[in-house]
Amino acid sequence: MAKVIHAMIRVLDEDRSRDFYGRAFGLEAADRYEFEGFTLVYLRNREADFEVELTINHGRTEPYVHGDGYGHIAVAVDDLDAEHGRFTRLGFTPNPIKEFMRDGALMARFFFVQDPDGYKVEVLQRHGRYR
């Protein structure tokens, strides 16, 4: 059986992205590999094996275009309200908290925030299928 192990995003500034993902989600560099033309940085935390792979193409100065196919990365937290407040205090300007109902019951509580390169990250309250 296959196991999902990482999602890759292309970023312009390694330090800026590592700072964001570190302060926002507690992700730290697990490995860093420099190659001719690009660098790969794998970020993770103690909560899960899943990693965010940052790809930094050397010499790139123009922001990446996400197109209309990119969706988002999602993370689950114990206290959504506290995290929303923390993100606000950190200056990350999270979107307002939303509630998603299905058949009259709460399916999800969440907010979105964007990383320095404009990638969307959904932050969900641990509940139901979102664990």
Taking all heavy atoms of [X] and all of [Y], pick out the closest pair and write down the distance.
X      : Y      : answer
Ala76  : Tyr130 : CB-O, 4.2 Å
Val4   : Phe50  : CG1-CE1, 3.5 Å
Val41  : Ala29  : CG1-CB, 4.1 Å
Ile56  : Leu12  : CG2-O, 4.2 Å
Arg44  : Asp31  : NH2-OD2, 4.3 Å
Leu124 : Ala108 : CD2-CB, 3.9 Å

Report yes or no: do [X] and [Y] belong to one cluster of Ile/Leu/Val/Met/Phe/Trp/Tyr joined by side chain heavy-atom distances under 4.5 Å?
X      : Y      : result
Phe110 : Val121 : no
Phe112 : Val77  : no
Ile73  : Val123 : yes
Leu27  : Tyr42  : no

Exercise for review: Check ring-ring contact (aromatic ring centres under 6.0 Å, His included) between Phe100 and all other residues, then give those that pass, not counting sequence neighbours.
Suggested key: none
Study note, to complete from the structure: Residue set satisfying ring-ring contact (aromatic ring centres under 6.0 Å, His included) with Tyr70, at least two apart, ordered chain then number -> His66, Tyr119
Review point. Looking just at side-chain N and O atoms, do Tyr64 and Asp117 make a donor-acceptor pair shorter than 3.5 Å?
Key: no
Point to revise | Which residues share a side chain to side chain donor-acceptor pair (under 3.5 Å) with Thr88, sequence neighbours left out | key: none
Study note, to complete from the structure: Rounding to 0.5 Å, atoms CZ (Phe20) and CD (Gln114) come to a distance of 9.0 Å
Check your understanding: For the atom pair CD (Glu99) and NE2 (His127), what is the distance rounded to the nearest 0.5 Å?
Key -> 9.5 Å
Check your understanding: Tell me the salt bridge (Lys or Arg N to Asp or Glu O under 4.0 Å) pairs involving residues 57-80, sequence neighbours left out?
Key -> Asp78-Arg126
Exercise for review: Name all pairs fulfilling the salt bridge (Lys or Arg N to Asp or Glu O under 4.0 Å) condition that reach into residues 84-94, sequence neighbours left out, sorted by first residue then second.
Suggested key: Glu83-Arg86
Answer whether the closest heavy-atom distance between the side chains of [X] and [Y] falls below 4.5 Å.
X      : Y     : answer
Leu40  : Met8  : no
Asp115 : Ile9  : yes
Phe25  : Val52 : no
Asp49  : Ile5  : no

Review point. Between Arg32 and Glu34, is a salt bridge (charged side-chain N to carboxylate O under 4.0 Å, His left out) present by the stated rule, with each step listed?
Key: CA-CA 7 Å; Arg32 184 179 188 282; Glu34 194 159 336; 3.2 Å; yes
Review point. Considering residues, nucleotides and ligands other than Arg129, do more than 12 of their heavy atoms fall under 6.0 Å from its CZ?
Key: no
Review point. Checking His84 side chain against Asn95 main chain: does a donor-acceptor pair fall under 3.5 Å?
Key: yes
Check your understanding: When you measure from the side chain of Gln125 to the backbone N and O of Arg109, does any donor-acceptor pair fall under 3.5 Å?
Key -> no
Check your understanding: Apart from Met101 itself, which Ile, Leu, Val, Met, Phe, Trp or Tyr residues share its cluster (side-chain heavy atoms under 4.5 Å, direct or through members)?
Key -> Leu106
Check your understanding: Among Glu51, Glu28, His6, Arg18, which one satisfies side chain to side chain contact (heavy atoms under 4.5 Å, CB included) with Leu43?
Key -> Arg18
Practice item. Classify the angle between the aromatic ring planes of Phe38 and Phe35 as parallel (below 30°), tilted (30 to 60°) or perpendicular (above 60°). Key: parallel
